[in-house]
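A short worksheet on the structure shown next.
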Amino acid sequence: MQPAPVTKYRPFPPVDLPHRQWPGRTLSRAPLWCSVDLRDGNQALAQPMSVEEKLEYFDLLVKIGFKEIEVGFPSASSIEFDFCRRLIEEKHIPDDVAIQVLCQCREDLITRSLEALRGAKHAIFHLYNSTSPKQREYVFNASRADVVGIATRAVAFLKASMQPLVAAGTQLRLEYSPESFTSTELEFALEICEAVTDVWAPTVANKIILNLPATVEYATPNVHADQIEWMCTHLTRRDRTLVSLHTHNDRGTGVAATELALLAGADRVEGTLFGNGERTGNLDLVTVALNLYTHGIHPGLDFSDINGIREVYERCTKLEVPARLPYAGELVFTAFSGSHQDAIKKSLPHQQPGHPWDVLYIPIDPADIGRSYKAIIRINSQSGKGGVAYVLENAFGFTLPKPMHKEIGKIINDLADATGRELTPAEIHAAFRREYLERTAPVALEHFKTTERDSAVKCEARLVHDGVTHKLAAEGNGPIDAFVRALAATNLPKFEVLSYAEHSLGKGAEARAVSYIQVKTDRGLSLFGAGIDTNIELASIKAVVSALNRALAKH
Ligand code: KIV
Ligand code: ZN
């Protein structure tokens, strides 16, 4: 990098718009959506989609609910032309969906594109030419008037040549893009859009689409919003115009730029699923749509099966959805940090069915987009006690008493530290069983029986401690009390019971009881034990033995 001062790059010039309105507005409705996956997205793939893949992808876009789909550049190659023909001839296009074709402002290409559209019910003819000063100077060596002439002549030619198509029943609309709009002088962008509109002569019923692309994203989103508001307020036939956005993501702010430009008055948004597209990509339509949804505005697109959509996308594009991509990424419903896990666990039970979604750290109910809570909490050495308890409860049904969370949390954290990686729920479960439920050494319980006498309980037990069998008996006010008294007569560590909890595990004939016991030894050590058995009494005695074995290990 150049050392400061940075002279190699310049700030992007702001728009002089002192009375801008967009900062004071909020979004209240969804825009019109147009998917450009099959054109802008496809042309950015190392291996463009085959016709079969494009057909599958088209069907996916229809299923999601797109009513405008840019299907390609039919005059550019036979594969693009053939795809458009197959869509029409094989009747893949529902009556309420318009296909859009991109075309440069050249007569031969316009003629070929119209051929590709023969038989379509609704079509959008998308003409574009580059308008920025640098494009005019370096690429086309053309004056402003030349560039306006290219666009207006193309529109006039289209208007004349489309008549047979229209007569045959195709409803054809025009979209015009001053390519590189955001790098074009605003007055010139307005001039060319007005000139194109003059020639096309749109009506309120058949509006012209003026698409104002951020072909390369150079500015901050507020500048983009200013540019769009400026256009929206200067176009003379705003009532006959749909202002369309087409952002790319070079600065990583394509979504923000689109959202602010919607506030600035735009009507329509072009983009791709998961943001595939040239360089850093096109706008990610999924994010903008679901951002609206999480503010209570239905986008009119259905992402209830985001995993299924992602599967088709990854197979057809051979790209992977990044793990952190909003809504769709593998890790976006996963909390690793202990404090986040704790807050999620505490806020989830407050969520009432039918009430606004209010779970901490998770801005959307994963179930709304076909994802599950299961993977929300994964455990590594940064995780806290709440996360471990959550996994044991939600994946394995153990509702540990609150004071036990800290103890098990530390055990699992130490294990994660030792392995140096994230632990799976199965590994956490196995560690819990090893530490508490499968503790049969150095003390193993061989036999336990109680008999009730008046209000007292008498217990008889047989223990093996380091290979030596001990027969014990004592009376107490319950089985645990009797057993603890019996143990007191041995040379095992003395302890008192601090707390006890139990619940059933599973249902019906398979149900078992799980008991948790907290003890404090005569050396001041406080710890838990746990036991499982089909017999609730035996589960609690096993929990005492588990605590005893853990105490012996620590002593
Ligand atoms: O990014 C762009 O400017 C385009 C145009 C063709 C609309 O894709
Ligand atoms: Zn583009």
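Just follow the structure's listing: the first ligand is 1, and inside any ligand the first atom is 1. The figures here come from the full heavy-atom set of this structure, side chains too, leaving out hydrogens, waters and symmetry mates.
- Looking at ligand 1, you'll find an N or O of H248 within less than 3.5 Å of one of its N or O atoms.
- For the pair R112 and F81, the cation-pi criterion (under 6.0 Å, within 45° of the ring axis) is fulfilled.
- No N or O atom of H126 sits closer than 3.5 Å to an N or O atom of ligand 1.
- If you check which protein heavy atom lies closest to atom 4 (C) of ligand 1, you get H246 NE2, 3.5 Å.
- Using a 30° and 60° split on the angle between ring planes, H234 and W230 fall in the parallel class, below 30°.
- Less than 4.0 angstrom separates some heavy atom of E179 from each of these atoms of ligand 1: 3 (O).
- Closer than 2.8 Å to the Zn ion (ligand 2) sit the protein N, O or S atoms D40 OD2, H246 NE2, H248 NE2.
- Between D40 and ligand 1, a contact under 3.5 Å exists for at least one N or O pair.
- Under 3.5 Å, the side chains of T184 and T131 contain a donor-acceptor pair of N or O atoms.
- Residues S177 and N211 have side chains that bring a donor and an acceptor to within less than 3.5 angstrom of each other.
- A donor-acceptor pair shorter than 3.5 Å cannot be found between the side chains of Y313 and N276.
- With T170 contributing its side chain and A120 its backbone, the two residues share a donor-acceptor pair below 3.5 Å.
- Protein heavy atom closest to atom 6 (C) of ligand 1, with residue, atom name and distance, is R39 NH2, 3.7 Å.
- In this structure S337 satisfies the side chain to side chain donor-acceptor pair (under 3.5 Å) test together with S339, sequence neighbours excluded.
- When all heavy atoms are compared, the tightest approach of S35 to L61 is OG-CD1, 3.3 Å.
- Below 3.5 Å of separation, one finds no N or O of E270 facing any N or O of ligand 1.
- Distance alone, capped at 3.5 Å, is enough to place a donor-acceptor pair between the K54 side chain and the V71 backbone.
- Close approach of ligand 1 to N211 is summarised as follows: ligand atoms under 4.0 Å from at least one heavy atom of the residue are 7 (C).
- For the pair T215 and ligand 1, the shortest N or O to N or O distance falls below 3.5 Å.
- The main-chain N or O of H126 is never found under 3.5 Å from a side-chain atom of Q100 such that the two would form a donor-acceptor pair.
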